[in-house]
Amino acid sequence: MDYSGGHVLPGAITLGTLGLVKPRNDSKIFVYSKNFPNQGVMSFDIFEDLQYVPQDGWLNFVKGVVLFVKKAGYPVEKGFNLLVDGNIPNGAGLSSSASLELLLGVIIADVNNIEIPRLDLIKIGQRVENLFIGVNSGIMDQFAVGMGNKDSVLYLNVNNLDYEVIPVNFDGYKILIMNTNKRRELTDSKYNERRFESDEALKRLKSKLLIENLGDLSIEEFEKNKDLIQDEILIRRARHAVHENVRTQKAKKALQEGNILEMGRLMNASHRSLKNDYDVTGIELDTLVESAWANPNVLGARMTGAGMGGCAIAIVKENSVDEVISQIAHNYESIIGYAPTFYIAEIGIGTSKLS
């Protein structure tokens with residue numbers, strides 16, 4: 001909900017995207033991804049008129065980052081050969097595109113021997129999504145990938161990009177990522193539709209209230225003024241945004257106090273709101289999450305990403321992970337008809353150059 005203002009609480013995970021780079025002496029860029037081998041080796045020239053071309057697939061992200069680094073005023077003249085490999089499942093709501101964008105930004109800066117502040121790279125990544133790929137995303141994913149700290153999350157104010165690093169102690173527990181294996185594309189999902197609905201609800205509230213974002217409202221202020229929206233669906237969309245911002249503030253406090261039980265409860269409440277008010281979960285995600293809730297060794301679970309497929313996350317007792325996976329998988333396959341996939345992840349560092 002980073003496009004509704006207020007606060008978010010993301011972290012970088014230990015799944016990611018790797019790039020092996022060889023600088024070139026010309027302005028050509030050649031790329032190959034082991035994740036998309038059918039697309040083969042693709043190339044373009046830095047000084048071409050860089051345009052989004054649907055059939056170019058993931059090459060559009062490379063072109064987009066090059067274009068917006070140049071638009072930001074940085075001198076990009078040297079090309080490179082790039083081999084990409086990643087273990088983030090594609091289209092699963094785990095910020096694979098943000099991971100690629102930040103990787104490309106760091107590579108372009110390194111090959112061209114230019115200093116690009118990390119915050120500039122984060123903003124460039126968002127511009128690529130919004131203005132080149134066509135997804136009206138906020139900045140949270142790029143911020144998490146670019147600024148991530150090991151064993152910490154970022155309490156980010158998306159209005160002004162102020163943030164705090166909040167240490168996370170999951171001692172005795174593991175982060176379980178549960179993949180529905182229902183792929184979804186942001187541009188084909190309800191993401192842009194929800195963005196429009198949230199913006200429309202905000203517009204109607206601003207007819208009376210001096211606010212900039214839905215995240216500026218307390219729950220009490222929202223309830224007092226929700227009739228301004230005059231549409232039950234839009235009210236539900238705005239209610240989710242307002243309550244999610246408050247839940248995020250409570251989650252920060254819970255983590256600071258080491259209250260992991262409260263963190264789990266907040267995750268569960270968040271998923272219910274995403275299901276009932278924001279309507280972006282779907283039977284696959286709900287089945288995964290509700291199967292996790294049924295196991296006493298799971299502290300909390302919720303969908304992640306834009307929804308309608310992709311992944312959910314759960315906090316699971318370390319000594320019960322295998323049993324939890326088995327139970328969730330059995331229930332999911334009996335209802336949905338095919339198997340989910342599971343990954344154990346930790347909170348890791350953001351984008352960096354490996355020696």
Side-chain angles (χ1 to χ4, degrees), residues 2 12 16-37 39-86 88 90 95-148 158 161 163 186-187 349-355:
D2 47 344
T17 309
L18 294 172
L20 182 63
V21 189
K22 181 180 179 181
R24 297 176 59 90
N25 292 320
D26 58 21
S27 56
K28 301 284 188 182
I29 292 178
F30 288 81
V31 297
Y32 177 83
S33 172
K34 293 177 70 175
N35 299 102
F36 300 100
Q39 290 191 243
V41 176
M42 300 180 288
S43 65
F44 65 92
D45 192 288
I46 289 168
F47 297 108
E48 289 177 18
D49 179 21
L50 300 176
Q51 301 284 341
Y52 177 87
V53 180
Q55 56 265 36
D56 280 351
W58 77 277
L59 183 67
N60 284 303
F61 288 95
V62 189
K63 293 190 295 184
V65 175
V66 170
L67 176 64
F68 281 90
V69 169
K70 290 169 64 178
K71 282 181 175 287
Y74 295 102
V76 182
E77 299 175 349
K78 291 186 64 176
F80 50 86
N81 300 333
L82 172 64
L83 171 65
V84 171
D85 190 15
I88 303 176
N90 299 315
S95 307
S96 57
S97 61
S99 176
L100 178 60
E101 289 152 6
L102 269 293
L103 172 73
L104 290 165
V106 169
I107 289 170
I108 292 165
D110 189 63
V111 167
N112 286 273
N113 196 30
I114 51 179
E115 292 288 334
I116 305 180
R118 185 55 57 95
L119 186 56
D120 279 8
L121 288 180
I122 289 167
K123 292 177 179 178
I124 286 167
Q126 186 192 14
R127 290 186 194 115
V128 171
E129 295 278 2
N130 295 170
L131 304 176
F132 200 77
I133 305 299
V135 177
N136 284 319
S137 63
I139 202 167
M140 178 182 70
D141 289 356
Q142 289 80 8
F143 208 96
V145 173
M147 296 291 198
V158 297
L161 300 186
Y163 72 99
L186 280 181
T187 47
I349 62 171
T351 310
S352 59
K353 183 179 178 180
L354 303 178
S355 57

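Remember, predicted model here, so these are calculated numbers, not experimental data. Starting from 1, each residue takes its place in the sequence as its number. Below, all heavy atoms of this structure are taken into account, side chains as well, without hydrogens, waters or symmetry copies.
Without hydrogens or angle criteria, Arg24 side chain to Gly79 main chain gives no donor-acceptor distance under 3.5 Å. Of the possible donor and acceptor atoms, one in the side chain of Asn35 sits under 3.5 Å from a partner among the backbone N and O of Gly86.
In plain terms, the two heavy atoms of Leu100 and Thr17 that are nearest each other are N-OG1, 4.3 Å. Nearest heavy-atom pair, Leu50 versus Lys63, reported as atom, atom and distance to 0.1 Å: CD1-O, 3.7 Å. The heavy-atom pair separating Gln39 from Gln55 by the smallest distance is NE2-O, 4.5 Å. Across all their heavy atoms, Ser27 and Asp45 have their closest contact at OG-OD2, 2.9 Å. Annotation for Phe61 and Ser97: closest pair CE2-CB, 3.6 Å, computed over non-hydrogen atoms. Smallest separation of non-hydrogen atoms from Phe80 and Ile108: CE2-CG1, 4.0 Å.
In this structure, Gln142 CD and Arg127 CZ are separated by 11.0 Å, a value rounded to the nearest 0.5 Å. Atom CE of Met42 and atom OH of Tyr32 lie 10.0 Å apart (nearest 0.5 Å). Lys22 contributes atom NZ, which lies 13.5 Å from atom CG of Leu82 (distance to the nearest 0.5 angstrom). Distance CD1/Ile124 to CD1/Ile116: 5.5 Å, rounded to 0.5 Å. For the atom pair CD (Gln126) and CG (Asn136), the distance works out to 9.5 Å, reported to the nearest 0.5 Å. Distance CG/Asp141 to CD1/Ile122: 11.5 Å, rounded to 0.5 Å.
Ring geometry, Phe132 versus Tyr52: the interplanar angle exceeds 60°, so the pair is classed perpendicular (tilted spans 30 to 60°).
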Residue pair Phe44, Val66: steps toward the side chain to side chain contact (heavy atoms under 4.5 Å, CB included) verdict: CA-CA 11 Å; Phe44 65 92; Val66 170; 4.0 Å; yes

Walk me through it: do Leu18 and Leu354 pass the test side chain to side chain contact (heavy atoms under 4.5 Å, CB included)? CA-CA 9 Å; Leu18 294 172; Leu354 303 178; 3.8 Å; yes

Any chance you could lay out the side chain to side chain contact (heavy atoms under 4.5 Å, CB included) test for Trp58 and Val84, step after step, and finish with the verdict? CA-CA 11 Å; Trp58 77 277; Val84 171; 3.9 Å; yes

Derivation and outcome, side chain to side chain contact (heavy atoms under 4.5 Å, CB included), residues Glu101 and Val145: CA-CA 9 Å; Glu101 289 152 6; Val145 173; over 6 Å; no

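One finds no salt bridge joining Asp26 and Lys28 here, because no Lys/Arg side-chain nitrogen approaches an Asp/Glu carboxylate oxygen to under 4.0 Å.
For residues 106-116, every residue pair satisfying the side-chain hydrogen bond (donor to acceptor under 3.5 Å, both in side chains) rule, not counting sequence neighbours, is listed here: Asp110-Lys353.
For Asp49, there are no salt bridge (charged side-chain N to carboxylate O under 4.0 Å, His left out) partners at least two apart in sequence or on another chain.
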Distance-only donor-acceptor hits, side chain of residues 68-77, under 3.5 Å, sequence neighbours excluded:
from, atom 1, to, atom 2, distance (Å)
Lys70, NZ, Ile46, O, 2.8
Tyr74, OH, Asp120, OD2, 2.5

